[in-house]
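Step one of this worksheet: look at the structure below.
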Amino acid sequence: MYSLLFEKLKEVVGAVAPLVAVVCILLLVLISAPLAIVAQFLAGSALVIIGMVLLFAGLDIGVLPMGRFIGAELPKLGSIALVIAVGFAMGFATTVAEPDVLVLASQVDATSNGSIREHVVLYVIALGVAIFVGLAMARIIFGFSVRLMLSIAYGTVIALSFFTPVEFVALSYDAGSVTTGVLTAPVIIALAIGLSSVLAGRSAIADGFGLLGFASIGPIIAVMIMGIILA
C-alpha cells in the first residue's frame, strides 16, 4: 500500500508541479499578489495533490479490477440484454458522480440564473452517456463496425447542430468533453476490456478502446435535443 501511494505521489507531483510553478510566477512576478493569496494557493494545491493521490490509488486498488471483473463475468450469465443494461447503468452512475460533469452542471445553473437547472443538465448528460455505453456494449458483443457507428453518431451531431440553439451547441460539446473524466473513463474502459477479453474472436485493444470516444458523443446529442425541446 505504501509503495503504491508513493508511486502515485511521484506521478501527481510531477503532473501538478509545472502548473503550480507557473501560477506562482504569475502571482509573485507579474501580478505582485499578497503573500496571503500565494499561501492560500499553495495550501489548496497541497490538498489537491493529496486528493489526487488517494483518488488514483483507489482507482488502481478497487475500481479498475472491479470493472474488469464485472465485464468478464457478465457473459457467463448468458444474457445479452443484461450486459447492455449493466453498461447503461454503469455509464449513468459514473457520469452522475463525475467531478467534471458536476462542475459543468453547476456552472450552467449559475450562469443561466437558474433557468437551466443543475440536476437537469446532470441527468441529461448522464442519460446520453448511458445510452451510448449500452450501444458500445452491444457493438463489442455483435462485432458492429466502429467506423460505421461513429459515422452515424457524428452525422447525427452535425445534423442536429443546424436546429439547436447556438448556446446549447456550445454547451453540448463541453458536455461531451467532461464525461471523459477521472472516474468515468477508467470504469468504462475496464468494463469494456473485461467484456472483450472473454469473447471468442475479440481483441481487447480493438474492442476495449474507442468506447469512451463513442460514449462521449451521447451527451452531445442529448444536450442538443434538450436545447431543441427548451427553445
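Sequential numbering from 1 along the given sequence is applied to the chain's residues. Source: prediction; values computed, not measured.
Qualifying side chain to side chain donor-acceptor pair (under 3.5 Å) partners for Gln107, counting only residues two or more places apart in sequence or in other chains: none. In this view, Leu150 and Val146, Tyr154, Phe214, Ile217 satisfy the side-chain contact (heavy atoms from CB on, under 4.5 Å) rule, not counting sequence neighbours. Under the side chain to side chain donor-acceptor pair (under 3.5 Å) criterion, Ser172 pairs with no residue, sequence neighbours left out. Scanning for side-chain contact (heavy atoms from CB on, under 4.5 Å) contacts around Leu102 gives Leu122, with sequence neighbours left out. For the salt bridge (Lys or Arg N to Asp or Glu O under 4.0 Å) test, no residue two or more places apart in sequence or in another chain qualifies with Glu167. Residues that satisfy the side-chain contact (heavy atoms from CB on, under 4.5 Å) test with Leu148, not counting sequence neighbours, are Ser145, Ile152. Considering only residues two or more places apart in sequence or on other chains, Ser79 meets the side-chain contact (heavy atoms from CB on, under 4.5 Å) condition with Ala81, Leu82. In this structure Glu7 satisfies the side chain to side chain donor-acceptor pair (under 3.5 Å) test together with Lys10, sequence neighbours excluded.
Looking at Leu171 and Leu104, their side chains come closer than 4.5 Å, going by heavy atoms from C-beta outward. In this structure the side chain of Leu191 reaches within 4.5 angstrom of the side chain of Met137, judged on heavy atoms. Proximity of Val133 to Phe88: side-chain heavy atoms (C-beta onward) are nowhere separated by under 4.5 Å.
Annotation: Gln40, atom CD; neighbour count of heavy atoms from other residues, nucleotides and ligands within 6.0 Å does not exceed 12.
Nearest heavy atoms, Val124 versus Val223: CG1-N, 4.0 Å. Minimum heavy-atom separation, Gly176 to Pro219: CA-CG, 3.9 Å. Counting all heavy atoms, side chain and backbone alike, Thr180 lies closest to Ser216 at CG2-CB, 4.1 Å. In terms of heavy atoms, Val96 sits closest to Ala126 at CG2-CB, 3.7 Å.
Within the structure, side chain to side chain donor-acceptor pair (under 3.5 Å) pairs that include any residue of residues 53-64 comprise Lys8-Asp60 (at least two apart or interchain). Sorted pairs that involve residues 212-231 and meet salt bridge (Lys or Arg N to Asp or Glu O under 4.0 Å), not counting sequence neighbours, are lacking altogether. For the salt bridge (Lys or Arg N to Asp or Glu O under 4.0 Å) condition, the pairs that include at least one residue of residues 76-103, sequence neighbours left out, are Glu73-Lys76.
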Could you tabulate the donor-acceptor pairs under 3.5 Å formed by side-chain atoms of residues 42-59, not counting sequence neighbours?
residue: Ser45; atom: OG; partner: Phe41; partner atom: O; Å: 2.9

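Atom CD1 of Ile61 sits about 13.5 Å away from atom CE of Met66, to the nearest 0.5 Å.
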